[in-house]
Each structure stands twice: as structure tokens, then as C-alpha cells.
Amino acid sequence: MAERYNPQEIEKKWQARWEADKLYNAEMDPSRPKHYALTMYPYPSGDLHIGHWYAMAPSDARARYMRMRGYNVMFPMGFDAFGLPAENAAIKRKIHPYSWTMANIERMRGQLRSMGAMFDWDREVVTCDPRYYKWNQWLFLRLYEAGLAYKTFAPVDWCPNCNTSLAREQVIGEDRRCERCGTLVIKKDLDQWLFRITNYADELLDFSGLDWPERVKVMQTNWIGRSEGAEVRFTTEAGYPIVVFTTRPDTLWGATFMVLAPEHPLVEKVTTPPQQAQVAAYQEQARRMSEIERQAKDKEKTGVFTGGFAINPVNGARIPIWIADYVLMSYGTGAIMAVPAHDQRDFEFARKYGLKIQVVIQGENTPANGEEMELAFDAEGVMINSGPFNGTPSAEGIRKVTAWLEEQGIGKFAVNYRLRDWLISRQRYWGTPIPMIYCPTCGALPVPDQDLPVVLPQDAEFLPTGESPLKYHLGFRYTTCPQCGGPAERDTDTMDTFVDSSWYQYAYITPYDPERLFEPAAGDYWLPVDQYTGGVEHATMHLLYTRFFTKAMRDLGLVKYDEPMLKLFNQGIILGEDNEKMSKSRGNVVDPDDLVSRYGADVVRMFLMFLSSWNQGGPWNSRGIEGITRFLGRVWELVLEPANPTAPAGYHSDQAVRDLRRVTHQTIQRVTRDLEDFGFNTTIAALMEFSNMLGRARSTPVVETPAWQEAIESLLLLLAPLAPHLSEELWHQTGRPYSVHQQPWPQVDNAAAVEDEITLVVQINGKVRDRIQVPAGIAEQEAKERALEAPGAHKMLDGKTPRQVIYVPGKLVNIVL
RNA sequence: GCCGGGGUGGCGGAAUUGGCAGACGCGCUCGCCUCAAAAGUGAGUGAGGGCAACCUCAUGUGGGUUCAAGUCCCACCCUCGGCACCA
């Protein structure tokens with residue numbers, strides 16, 4: 001009697017052995033195809049939760065599978081170690097963010113090891129290490145030199161709770177909350193560094209060559225928000241130009257007023273003295289609105305007449321200029337031409353303030369008179385009241401009018417994006433110092449490369465004041481000008497942590513390389529990332545930023561690719577047993593450490609993969625995990641318990657061997673296909689079916705044949721990516737050579753996998769009436785004849801002649817009466 | 001409002017190109033094992049009807065195409081996620 005399956009014992013043993021043997025260390029080997037598998041690195045919060053397991057265990061299984069398929073696999077791991085939680089925890093507990101972070105990392109390393117994943121720990125990077133963030137600074141300087149990093153004074157999004165500015169991407173939802181803490185974000189005027197991601201807007205819209213989920217591509221496309229149209233120059237009566245952006249140049253003749261954003265610089269110039277007080281009051285109110293709350297649901301449009309007029313350049317019409325907060329300074333030119341007949345927002349505004357509504361697009365059933373309209377007509381139609389363009393279909397009109405505007409010199413084709421440049425300055429301590437120096441005589445200067453890294457001082461006072469903590473660290477702040485040697489000051493902001501993660505996949509190539517970002521020869525071999533996995537929540541943040549970085553790095557000559565990650569897979573989310581999001585307050589959190597000590601890592605890994613399809617996630621089930629324990633227990637016995645075979649009645653050895661080999665090779669087929677597509681749940685189902693079959697075969701003399709050995713060996717190999725410890729132990733105990741993880745993936749014997757007899761379904765009018773066993777290669781004519789004779793069908797036929805008999809080879813015969 | 005994903009037994013979920021709906025697992029029921037229990041193990045398990053062989057109904061709702069629909073088409077409902085005064 002062999003020992004029972006005891007995961008605790010074998011898992012620790014093999015983890016130690018694998019680590020000692022450096023089994024998973026990736027070495028460059030040009031003779032083999034490489035596979036760079038990457039899973040999003042964790043923030044070192046201090047505890048590995050089930051979500052981390054759900055993200056990492058299946059991606060580990062996939063990486064292991066690729067390795068057995070003959071790829072030289074690199075599967076690194078690291079820590080996204082800068083960021084606010086460390087700072088907040090440090091303030092609360094009065095310990096240094098560095099100590100807090102490092103202690104957490106230490107703890108999480110141990111937890112990650114308990115997973116039995118094939119992480120190459122020799123490549124680990126920790127982003128708060130100066131050896132890492134030195135290259136953040138170096139990249140910043142390269143972007144600066146290339147004109148892709150710039151500083152500007154502008155109103156920015158500010159989280160009053162986190163006490164820092166945020167990138168547009170980190171402001172969530174209609175009511176504009178902080179992505180981190182959910183606080184309502186306000187506007188603040190600050191001098192900040194930005195990365196010119198908008199330079200790459202068009203290229204970022206091109207996903208060709210990327211095998212990414214449709215969902216992510218759509219989210220990025222929407223986020224970038226490209227729209228084509230025209231810029232048209234209107235002129236105020238006093239002669240100031242007002243440039244507007246419109247997607248509907250075909251409606252230019254219907255522009256009956258203009259609207260400027262309240263903060264538009266021209267407002268002061270166009271406002272007439274009698275309107276001054278009202279305009280100023282509205283501007284003030286709009287300012288407060290954006291600062292206080294913007295939650296009001298039914299935002300009724302408001303605005304104020306400036307007293308000024310503009311001339312519509314296409315027809316010379318004199319139209320009033322208003323200001324209104326539905327026009328945003330941050331989009332387009334901050335000014336619009338209002339065409340109330342054909343734009344619902346302008347329509348509502350015109351109705352409210354009694355402005356003229358001029359119809360210029362005629363639809364099938366739309367009134368030609370603006371007074372009779374109930375809604376703006378924004379569909380396609382034919383241009384009317386539009387001078388030389390009368391009778392032109394609107395779609396064609398958009399092109400023709402744009403060309404005409406260019407000829408007349410009053411406008412041009414233009415593209416606008418919703419995407420804003422990436423604001424990277426943060427007014428917090430725990431991040432990468434921005435490597436810039438401000439000299440009163442020489443101006444803003446980059447820190448020379450040889451002075452990198454600009455080290456984050458350990459002894460800064462980092463209590464949040466709304467200003468950068470580094471500002472109060474005089475030793476850091478005051479320095480000398482690298483140009484004139486005179487007194488100068490450093491930039492005291494730190495970088496958004498998304499800068500760290502924008503290039504971390506490159507850092508793993510030659511981690512903490514003191515000389516360069518990474519070694520080019522190694523980069524040529526390993527890059528780009530072949531398979532990236534992680535949550536979809538980063539669709540318009542990290543995943544957009546890292547694409548931008550790669551494109552910018554390509555233009556700097558640092559990488560040779562347009563895209564950082566060729567394939568992307570988004571795993572779902574594990575919910576609590578109550579089908580709700582796991583949270584401490586709900587008390588529905590499951591702790592992986594507990595589970596590992598109770599069931600073992602292999603069981604936890606496999607249960608997470610078995611729950612549902614990986615991209616779907618789903619509720620935890622504390623009973624369901626027992627099913628995996630039973631399954632692995634049965635595998636254990638199947639492999640190790642001596643069998644005591646007896647031949648059942650009618651046993652034929654040849655047939656039994658054929659049946660066994662068929663199931664073995666069909667299982668190899670199924671598992672291979674499913675693992676290719678991340679179908680872990682169906683992979684496991686196939687292995688369960690296989691082992692159930694083996695369980696039945698075990699009591700027969702087939703166990704004494706080589707086919708049985710082949711079946712057991714295949715089972716262990718197919719199981720190896722999913723349950724690495726158990727497979728290794730059984731591989732070892734059955735006297736096979738170390739390590740199961742260095743074995744090639746089993747080969748399918750197609751001939752053995754073929755069925756020699758199939759079940760043919762016999763239908764009458766599409767309903768199943770019988771099933772017959774026939775040889776797999778049966779001819780159509782014979783199949784039909786046998787079907788007609790099948791008892792279930794014969795009875796229903798009752799002597800009638802079928803109108804039609806349909807044969808689907810290998811599947812069914814449908815007799816139509 | 002716009003865009004995208006999803007609605008299948010008591011539960012989690014399967015179902016290559018339209019071709020046996022419910023694989024696999026959980027749970028449940030009845031056996032075996034046991035003094036008993038746990039563990040293990042065998043059989044059964046969509047609903048309704050029938051003594052039975054069998055029959056009928058069933059993949060969110062309503063239509064349609066087809067010999068055949070969870071799968072394709074049209075309309076709608078619910079749900080999750082993203083965007084939202086973007087000119």
C-alpha cells in the first residue's frame with residue numbers, strides 16, 4: 001500500500017529542488033524558438049490574495065505548456081513597488097515606505113513560491129530600487145530630448161484625498177472620481193510634466209498584428225476618440241479670429257450663433273461693457289462648478305450672451321457670441337459654431353434662449369422650418385439654404401465643403417482626439433524623482449546622464465501637505481546648475497507609477513543593467529512579449545501607456561518593434577461565494593494561504609482553472625474544491641496502487657489495447673487544443689474523463705500491456721503544467737527521469753486516435769428516434785439503409801416513403817417524412 | 001443615449017463549421033464498505049406524463065430561416081463592463 005497523496009510534503013520538497021537546480025531560469029538559446037510569457041506584476045500590498053493566484057496560476061500553466069512544446073520560455077516576475085499605498089501605510093504606521101514595501105515583497109515572494117510557478121526569480125525587478133528607476137529617469141530624459149516630454153502650466157485634475165495631480169486616464173466616470181480612492185477630483189492650476197502620447201494617437205488606433213481581445217481594442221479606440229472634420233475660422237466684428245472645430249462642415253450655413261467655453265481667452269475681448277457683469281458672474285460660477293461638484297444629472301444647458309458678434313465666413317451672417325459650460329476648453333479649440341437645427345445640444349440651447357434655428361439639411365420627413373422642429377435633425381440629408389452647395393447630399397457635402405474652405409482660405413481639414421497628453425507629475429514622495437534642474441540663469445536643464453540616478457532621499461518628511469514632500473527636503477531640493485555651476489533647484493515632483501510599468505517588460509531582459517536599459521543582443525532574442533496576461537481594468541491606462549512607450553522607444557532606436565505585447569489575454573475576476581466582489585467588509589474573502597495549507601497548491605491551482613473559462617471568472621465554491629482533491633487523489637492511486645487485474649467476460653486483449661490507446665491519444669488531442677486557447681476548464685474535464693476511463697481499465701489485464709504505461713505517462717505529462725508538484729512526484733515514484741517538466745509534450749498518434757466504430761443518430765423530422773453503432777468509414781448509402789431499418793425509426797416510418805433522407809457523415813441520418 | 005460582453009438543470013459550467021443540449025465537477029438520492037460515522041466506492045439525477053416500452057416540453061422573451069437552431073436573421077427584455085454635453 002503506497003502512501004496517500006500528501007501535498008504539503010511533496011510540494012515543499014519539489015519547490016526546493018527546482019529552485020536549487022534553477023530549473024526555470026531562462027537562458028538565451030538561439031537554436032531554440034523563444035517564448036516570452038508575461039503576467040502583470042503585482043503591487044506589493046503585503047498579501048497575495050486569490051485574485052493574484054487567479055491571474056498567475058493559469059498563466060504559469062500556459063507557460064509550462066509552451067515550454068514542454070519545445071519553446072525556450074522566459075516567465076519573469078517582479079514588483080510594482082512605488083505608489084501611494086506604501087506612503088499612506090507608512091504615515092499611518094510611522095514606518096518608512098521603503099521598509100513597508102520591502103517587508104511586503106519579502107512576504108509575497110514566499111507566497112508566490114508556494115504556488116509552484118516557474119517564475120525566473122533571477123530576473124526579478126523591484127521598481128523602487130534605484131537601479132530600476134534610474135532607467136525611468138534615463139527614459140524621461142530621452143523623451144525630453146525628443147520633444148515628447150514637456151512642462152506646462154495648466155488646470156489639471158487633482159485628487160484632494162491623495163494630494164496629487166492625476167492623469168486624465170486616472171479620473172473615472174461621469175462624476176470624475178480618483179481611480180485610486182474614489183474621491184471627487186477637482187481642478188487645480190499647476191506646472192506639470194506631460195508625455196506627448198497624442199503624437200501617437202493615430203498609430204495607437206492601429207491594432208493590426210495584435211492578437212488582443214476585441215474589448216480592449218474597442219476601449220482604447222473609444223478612449224482615443226478620433227474624429228475627423230474641419231477647422232473653420234470665424235471672425236469677430238472687431239476682427240479677432242475664432243477658430244472652431246466641426247465634424248459637420250456641411251451645416252456651416254446653419255450656424256446661427258457661436259459658443260465659447262467660459263474660460264476661453266477671447267471672452268474678455270468680445271464681451272461688451274453692458275454684458276460684462278453677467279459674463280464675469282457666469283465665468284465665476286462655471287469655475288466653481290468644475291471645482292465643486294459636477295454630479296447634477298439632468299444638466300440643463302446654461303449660458304450668457306457676451307454682447308459680441310461674429311461673422312459667419314461662408315455667408316457673411318452676423319451671429320451672436322455666447323459663452324456656455326457645455327463647451328469644453330479641453331476639447332477642440334474651446335469654441336464652437338452652433339447649428340441648432342442639426343445638433344441636439346445647440347438645439348436645446350437655442351430653444352432656451354430664443355436663438356434662431358436655420359434648417360440647412362433636408363431629410364425625408366423633417367420640417368424645413370426650424371420653429372416646427374421638436375428635435376435637431378442630425379441624420380444625413382440634402383443640403384439646402386447653403387449657397388453654392390444646395391442639392392448636395394450631406395455626406396458628400398462634408399468633403400466638398402472642406403475642400404472649398406481650403407480653397408477660400410477660411411478653413412481646413414482637421415482631426416481631433418479625445419485623448420489628452422499623459423500628465424506624469426505627482427506631488428508625492430514615494431516615486432521616481434523627475435530628473436530636471438531649474439537654474440535662474442540657464443533655465444530648465446536635464447540632469448546629465450552620468451549623474452543618474454537622482455536618488456530619492458530616505459529621510460524626507462512625507463506627510464501630505466498638497467505640495468511635493470521633496471520640496472521640503474532642502475538637501476535634495478537645492479543643487480547646482482549642471483551648466484553654469486550656480487545655485488539651482490531640482491524638480492521636486494515624482495513620476496506617475498505607470499511610467500515604471502510602461503517599460504518593465506524590457507527590464508526583465510537584463511535586470512538592473514548598470515550600463516544600459518537592456519542588453520541589445522538579449523533583447524533581439526527575447527522581445528517582444530509573446531503572451532501577456534492580466535486584468536482588463538488596465539485597458540486605457542497601463543496597456544495604452546506601454547504601447548505608447550514602445551512606439552516612442554522605437555523612434556528613439558531602443559527597440560525594433562511597434563508593439564510591446566503581441567498577444568493579450570484578460571482573465572476574469574474571482575468573486576466571493578455569495579457572488580459578490582470579495583471584500584473584508586463583506587467577509588467573503590478566501591485566503592490562498594489557508595487553502596494551500598489545507599488542500600495543497602496543485603489543488604488550488606487546478607480548482608481555479610476548473611471553475612469556469614479563464615476570461616470569465618466567477619464565484620468561489622468551497623465545496624467544489626473537494627472535487628479536485630478527489631480527482632488528484634484518484635490519479636495518485638491510479639499511478640501508484642498495484643492493480644489486481646481479472647479479465648471480464650468477453651475480454652479481448654487487442655480490442656482493450658486499441659480502446660485504451662484511442663482514449664489516450666484523443667485526450668492528448670483535446671488537452672493540446674484546449675491549452676492553446678487557454679481552455680483550462682475543459683482541459684481538466686478531459687483529464688478527468690481520461691482518468692475515469694483508466695480507473696475502469698485498471699481492473700483488467702490491459703494494465704499489463706505497454707499501452708497502459710503509455711497512458712499513465714501521457715496522463716502525467718498532460719497534468720504537469722496544471723499540477724506541477726503531483727506530476728513530478730508521480731513521475732519520480734514511477735522511476736522516470738527527473739524532471740517531468742523537462743519532458744517534451746506527448747505526441748498524438750492520429751491513427752490510434754481514430755474511432756473505428758461510431759454512434760449514428762437516427763432522426764425522424766429532426767427528432768432523435770434511435771441510435772445505431774456503425775463502422776466509422778460507413779458509406780452514405782449503407783448508412784441511410786441501416787438508419788431506415790433501425791427499430792426506433794422503422795416503427796415511426798410505418799411503411800411510409802420518406803420525402804428526403806439527410807446524411808451527415810459521422811453524425812446522423814435525418815429522415816424527413 | 002452610444003459601444004462591447006453575457007443570459008443554458010438545484011449550483012459552477014460544457015457544446016470546433018448549424019447536426020445527440022446539459023460534457024466535467026459540486027450538490028442530492030439509493031446501494032456497497034463500517035458496530036457506527038467520516039473517507040472511499042457503485043448506480044441514478046433537466047422538467048412533466050406513463051406500470052412500461054416510450055411520449056411531450058425545454059438553452060432570457062416573441063417571431064423568422066432551415067431537413068435540423070443554444071449556435072444564423074429580425075424585434076424586445078434583463079444583466080455586467082466601458083464611454084458620455086467631445087462640437
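Worth knowing before you read on, the calculation uses all heavy atoms, side chains too, and leaves out hydrogens, waters and symmetry mates.
Among the protein residues, A:S227 comes within range of the sugar-phosphate backbone only, with heavy atoms under 4.0 Å from sugar or phosphate atoms but none that close to a base. Looking at heavy-atom distances under 4.0 Å, A:V327 makes contact with a base. Looking at heavy-atom distances under 4.0 Å, A:R168 makes contact with sugar-phosphate atoms alone, never a base. Residue A:S330 is classed as having no contact, given no heavy-atom separation below 4.0 Å to the nucleic acid.
Regarding the sugar-base torsion, B:G9 falls in the syn class, its angle being within 90° of 0.
Comparing the P positions of B:C73 and B:U17 gives an interatomic distance of 14 Å, to the nearest angstrom. Spacing of P atoms, B:C11 relative to B:A47, comes out at 12 Å, to the nearest Å. The separation of B:C33 from B:G49, taken at their C1' atoms, amounts to 38 Å, rounded to a whole angstrom. For the C1' atoms, the distance linking B:G48 with B:A58 amounts to 10 Å, nearest Å. Annotation: B:A36 and B:G31 have their P atoms spaced 14 Å apart (nearest Å). Comparing B:G6 with B:A68, their C1' atoms are spaced 26 Å from each other, to the whole Å. Nucleotides B:G12 and B:G7 place their P atoms 12 Å apart, quoted to the nearest Å. Comparing the C1' positions of B:G22 and B:G70 gives a spacing of 11 Å, expressed to the nearest Å.
In this structure, B:U34 forms no base pair with any nucleotide, since neither Watson-Crick nor G-U wobble geometry is met with both distances under 3.5 Å. Look at B:G70: it lacks any Watson-Crick or wobble partner with both distances under 3.5 angstrom. Of all nucleotides present, only B:C28 satisfies the Watson-Crick or G-U wobble test against B:G44, with each distance under 3.5 Å. As the counterpart of B:A39, no nucleotide is assigned, since no Watson-Crick or G-U wobble pattern has both distances under 3.5 Å. Across the strands present, B:U61 finds its partner in B:A75; the criterion is a Watson-Crick or G-U wobble pair with both atom distances under 3.5 angstrom. The base-pairing partner of B:A52, taking Watson-Crick or G-U wobble contacts with both distances under 3.5 Å, does not exist among the strands shown. With a cut-off of 3.5 Å on both Watson-Crick or G-U wobble distances, the partner of B:G81 is given as B:C3.
The pair A:R420-A:E169 does not meet the salt-bridge criterion, since no charged nitrogen lies less than 4.0 angstrom from a carboxylate oxygen. Taking the charged nitrogens against the carboxylate oxygens, A:E300 and A:K352 do have a contact shorter than 4.0 Å, which makes a salt bridge. By the 4.0 Å N-to-carboxylate-O rule, A:E780 lies close enough to A:K784 to be salt-bridged with it. Comment: A:R226 engages A:E228 in a salt bridge, judged by a side-chain N to carboxylate O separation of less than 4.0 angstrom. A:K217 and A:E214 are joined by a salt bridge, as a carboxylate oxygen and a charged side-chain nitrogen come within less than 4.0 angstrom of each other.
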### Message
Treating primed atoms plus P, OP1 and OP2 as sugar-phosphate and everything else as base, which nucleotides of nucleotides 18-30 of chain B get B, S or - for protein heavy atoms under 4.0 Å?
### Response
-BB--BBSSS---

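Rounded to whole angstrom, the span from the CZ atom of A:F680 across to the P atom of B:G12 amounts to 22 Å. As rounded to whole Å, 13 Å separates atom C1' of B:U79 from atom CD of A:Q616. If you measure from atom CD of A:Q571 to atom C1' of B:G5, you get 16 Å, rounded to the nearest angstrom. When rounded to the nearest whole Å, the span between CZ of A:F257 and P of B:A87 equals 16 Å. Taking atom CG of residue A:N615 and atom P of nucleotide B:C80, one finds them 19 Å apart after rounding to whole Å. A:D250 places its CG atom 13 Å from the C1' atom of B:A87, with the value rounded to the nearest Å. Computed from coordinates, the A:L611 CG to B:A14 C1' distance equals 14 Å when rounded to whole Å. Distance, A:K352 NZ to B:C85 C1': 13 Å, rounded to whole Å.
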### Message
Quick one, A:F631 with A:F610, criterion ring pair (Phe, Tyr, Trp, His ring centres under 6.0 Å). Give me CA distance, side-chain angles, the key distance, then yes/no.
### Response
CA-CA 12 Å; A:F631 167 58; A:F610 185 63; 8.5 Å; no

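Ring-centre distance between A:F257 and A:F349: below the 6.0 Å cut-off.
With distances taken from any side-chain atom of A:F245 to the nucleotides B:G12, B:C85, B:A87, the minimum falls on B:A87.
Under the 6.0 Å distance and 45° angle rule, A:K301 counts as a cation-pi partner of A:Y326.
Proximity of A:S613 to the phosphate of B:A14: a side-chain N or O atom is located under 4.0 Å from OP1 or OP2. Taking 4.0 angstrom as the limit, A:R769 places a side-chain polar atom (N or O) nearer than this to OP1 or OP2 of B:C55. Not one side-chain nitrogen or oxygen of A:R696 sits closer than 4.0 Å to the OP1 or OP2 atom of B:G42. For A:K767 and B:C57, the shortest distance from a side-chain N or O to OP1 or OP2 is below 4.0 Å.
Using cut-offs of 30° and 60° for the angle between ring planes, the A:W614 and A:F678 rings count as parallel.
With hydrogens and angles disregarded, no donor-acceptor distance shorter than 3.5 Å links the side chain of A:D325 to the backbone of A:A286.
Checking A:M219 against A:I815, the closest nucleotide of RNA chain B that is more toward the 5' end is the one next to A:I815.
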